[in-house]
Amino acid sequence: MNELNAIVDDAKASFAQATTPADLENIKARFLGKSGRMTELMKGMAALSVEEKKTRGAAINLAKQAIEGALNNRRQALADAELQVQLQAEALDVTLPGRQRGQGGLHPVSLTLERIEAIFGSMGFEVAQGPEIETDWFNFTALNTPEDHPARSMHDTFYVEGGSATAPNLLRTHTSPMQIRHAVQHVKHHRALLGGEQAKGELFSGDMPEIRVIAPGRTYRVDSDATHSPMFHQCEGLWVGENVSFKDLKFVFTDFCRTFFERDDLVLRFRPSFFPFTEPSAEIDIQFQSGPLAGRWLEVAGSGQVHPNVIRNMGLEPEKYIGFAFGMGPDRLTMLRYGVNDLRLFFDGDVRFLSQFQ
Ligand code: DAH
C-alpha cells in the first residue's frame, strides 16, 4: 500500500512540474501509458490468487483514480493559465475613446475667396475663371504693358513652352488678363444677340448690359520671402459701362472692405500710382481704427480707370464705354483678417496651423 501511495505522490509532484500541456501528457505516459508504472502493476497481478486480486485490484484502482484526478486538475490548471496568457496578450481597452475620422475644412485663403465672391456677388458681380498659363498678349500686350516693363523680364516671370520666340507663354503674373478675356466674351455674346454684320476689328458701340465681374485665382512671380510667394492669389475686379466713374470704384471698394473686415469705421485712401492698364491709377490703402493694426496704412489693392487702349482691346469703343478695374491680394486680406504674419504658413500645409481656421 505504501508503494501505491508513493506512486500517487510521485505522480502528483511530477504533474505539478509540467509547465505546458504537451509536457503534462509526456509525464502522464510514465504513470498511465502502455508501459507506465500503473499498467505494470496491473500486469503483475496475473500471478495472484482470486482473493488477493480483489483487494490488490481495488487498491490499484483507487490509486489510478487518484492519479487521473490529479492529472485532470493539472490539465485544467495549465489550460486556464494558457488562456490567461492569451487574454493578457490580446487585451483590449474597451474604455479607450474610438478613433475618429479627421474633419477637414477649407483653407483660410479659400475662406477669403468665398467671402470675396459672396460680397461682390451681392453687388451684382459675376465670378469668372481663367487659365493660369497665359499668352503674352493677354498678360501684357492687351493690357497696354510696354515692351520694357520689368514684369516682362525673364527673371521676374515664369516662362513656359508654347507661344512664339519673341512672345513665349507664361504663368500669369496677375489676374488682369481676365479683364480682356471676360470682356471679349461678353462683347461677342451681346453683339451676336443684336445680329447684323460687324466688320472685323470694328469697335462695338451698341447697347449691352454692363460688364461687372471679379476673377479670383492663382498667379505667379519669381519672388519668395515672408510676404511673397512664387505662387500667390489675386482677385481682379472689372466694371465697365457707359457711365461708370471713379466715384463708383471708391464706393464699391469701400463697401467691400468694410463688409469683408466687418468694420464700419474702416478708412480707405486712394493713393495716386501708375499701372499701364489704368489711367488714372491708384493704390488702395486701408486703415483700422482699433485693434492691433490700428492707425497703420495697409496696402490692399491696385486700381484705376480702365485705359482707353485696354477698352479697345476688349473690342469696345472708348468714346462710349468707360469703367474701372482693381486687383487685390486675397492672401494679404487673409493675413490682415486673421493676424497671420508669415505668408509661407498658408502654403506649408501644416495641419496645426490650418486647423485653427475651422
Ligand atoms: N495687376 C496689378 C498687379 O498685379 C494690380 C492691378 C492694378 C490690377 C490696377 C488692376 C488695376 O485691375 O486696375 O500689380
Side-chain angles (χ1 to χ4, degrees), residues 1-114 229 231 334-335 337-358:
M1 286 305 140
N2 279 343
E3 183 204 3
L4 284 176
N5 284 340
I7 295 177
V8 171
D9 288 346
D10 186 18
K12 285 182 177 170
S14 301
F15 293 157
Q17 273 167 18
T19 53
T20 67
D23 233 7
L24 182 62
E25 297 312 311
N26 284 335
I27 295 170
K28 169 200 150 188
R30 270 177 26 215
F31 296 93
L32 303 172
K34 261 189 208 155
S35 47
R37 287 166 70 183
M38 292 311 288
T39 320
E40 293 299 326
L41 285 179
M42 300 286 266
K43 285 180 192 160
M45 287 204 315
L48 298 181
S49 69
V50 174
E51 258 332 285
E52 281 171 331
K53 269 184 185 161
K54 259 192 191 158
T55 42
R56 179 79 174 150
I60 291 178
N61 269 337
L62 272 180
K64 213 175 147 186
Q65 278 167 18
I67 292 174
E68 279 167 353
L71 176 69
N72 284 333
N73 285 344
R74 187 62 188 150
R75 272 187 183 139
Q76 192 60 48
L78 285 178
D80 286 351
E82 205 165 55
L83 184 63
Q84 280 309 316
V85 168
Q86 192 184 356
L87 286 176
Q88 292 275 322
E90 297 172 5
L92 281 183
D93 183 351
V94 293
T95 65
L96 271 181
R99 285 199 193 103
Q100 302 192 345
R101 174 137 38 112
Q103 264 218 329
L106 287 179
H107 190 279
V109 174
S110 298
L111 292 174
T112 294
L113 290 174
E114 280 198 344
S229 148
M231 188 287 296
T334 312
M335 290 172 82
R337 178 148 193 257
Y338 296 111
V340 176
N341 56 13
D342 192 329
L343 178 71
R344 290 169 291 202
L345 288 166
F346 289 145
F347 309 121
D348 285 347
D350 188 331
V351 179
R352 290 169 302 178
F353 172 73
L354 297 175
S355 60
Q356 294 175 49
F357 298 89
Q358 305 317 319

Inset, instruction - Applying side-chain hydrogen bond (donor to acceptor under 3.5 Å, both in side chains), name anything that partners Thr95, two or more places apart in sequence or on another chain. - result: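 Testing Thr95 for side-chain hydrogen bond (donor to acceptor under 3.5 Å, both in side chains), a comparison that skips the adjacent residues, returns Asp93.
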Atom pair [atom1]/[atom2] of [X] and [Y] - distance to nearest 0.5 Å:
X: Asn72; Y: Leu24; atom1: CG; atom2: CG; result: 9.0 Å
X: Arg74; Y: Lys28; atom1: CZ; atom2: NZ; result: 16.0 Å
X: Leu71; Y: Phe15; atom1: CG; atom2: CZ; result: 4.5 Å
X: Leu92; Y: Leu87; atom1: CG; atom2: CG; result: 10.5 Å
X: Ile7; Y: Ser14; atom1: CD1; atom2: OG; result: 11.5 Å

Legend entry - Lys53 atom NZ: more than 12 heavy-atom contacts under 6.0 Å: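 Yes, enclosed.
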Is there a side-chain contact between [X] and [Y], using heavy atoms and a 4.5 Å cut-off?
X: Val340; Y: Phe353; value: yes
X: Leu354; Y: His107; value: yes
X: Leu32; Y: Arg37; value: no

On a heavy-atom basis, which atom in [X] and which in [Y] lie closest, and how many Å separate them?
X: Ala18; Y: Ile27; value: CB-CD1, 3.8 Å
X: Leu106; Y: Gln358; value: O-NE2, 3.2 Å
X: Ala70; Y: Lys12; value: CB-CG, 3.8 Å
X: Glu82; Y: Pro21; value: OE2-CD, 4.1 Å

Legend entry - Main-chain N/O of Ser35 paired with Thr39 side-chain donor or acceptor, under 3.5 Å: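 No, Thr39 side chain to Ser35 backbone: no donor-acceptor pair under 3.5 Å.
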Legend entry - Side-chain donor/acceptor of Asp348 to backbone N/O of Asp350, under 3.5 Å: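 No: the side chain of Asp348 does not pair with the backbone of Asp350.
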Inset, instruction - Begin from the C-alpha positions of Met45 and Glu52 and carry the test side-chain contact (heavy atoms from CB on, under 4.5 Å) through to its verdict. - result: CA-CA 9 Å; Met45 287 204 315; Glu52 281 171 331; over 6 Å; no
What pairs with [X] under salt bridge (Lys or Arg N to Asp or Glu O under 4.0 Å), at least two apart in sequence or on another chain?
X: Asp80; result: none
X: Lys43; result: Glu40
X: Asp342; result: Arg344

Residues 57-66, side-chain donor-acceptor partners within the protein, below 3.5 Å, at least two apart:
none

Inset, instruction - Identify, with sequence neighbours excluded, every residue that meets side-chain contact (heavy atoms from CB on, under 4.5 Å) alongside Thr334. - result: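 By the side-chain contact (heavy atoms from CB on, under 4.5 Å) rule, Thr334 matches Pro108, Val109, Thr112, Tyr338, Phe346.
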Inset, instruction - For Glu25 and Arg30, run salt bridge (charged side-chain N to carboxylate O under 4.0 Å, His left out): C-alpha distance rounded to whole Å, both residues' side-chain angles, the deciding distance at 0.1 Å, then the answer. - result: CA-CA 9 Å; Glu25 297 312 311; Arg30 270 177 26 215; over 6 Å; no
Inset, instruction - Go through Asp23 and Gln17 one step at a time and tell me if the side-chain contact (heavy atoms from CB on, under 4.5 Å) criterion holds. - result: CA-CA 9 Å; Asp23 233 7; Gln17 273 167 18; over 6 Å; no
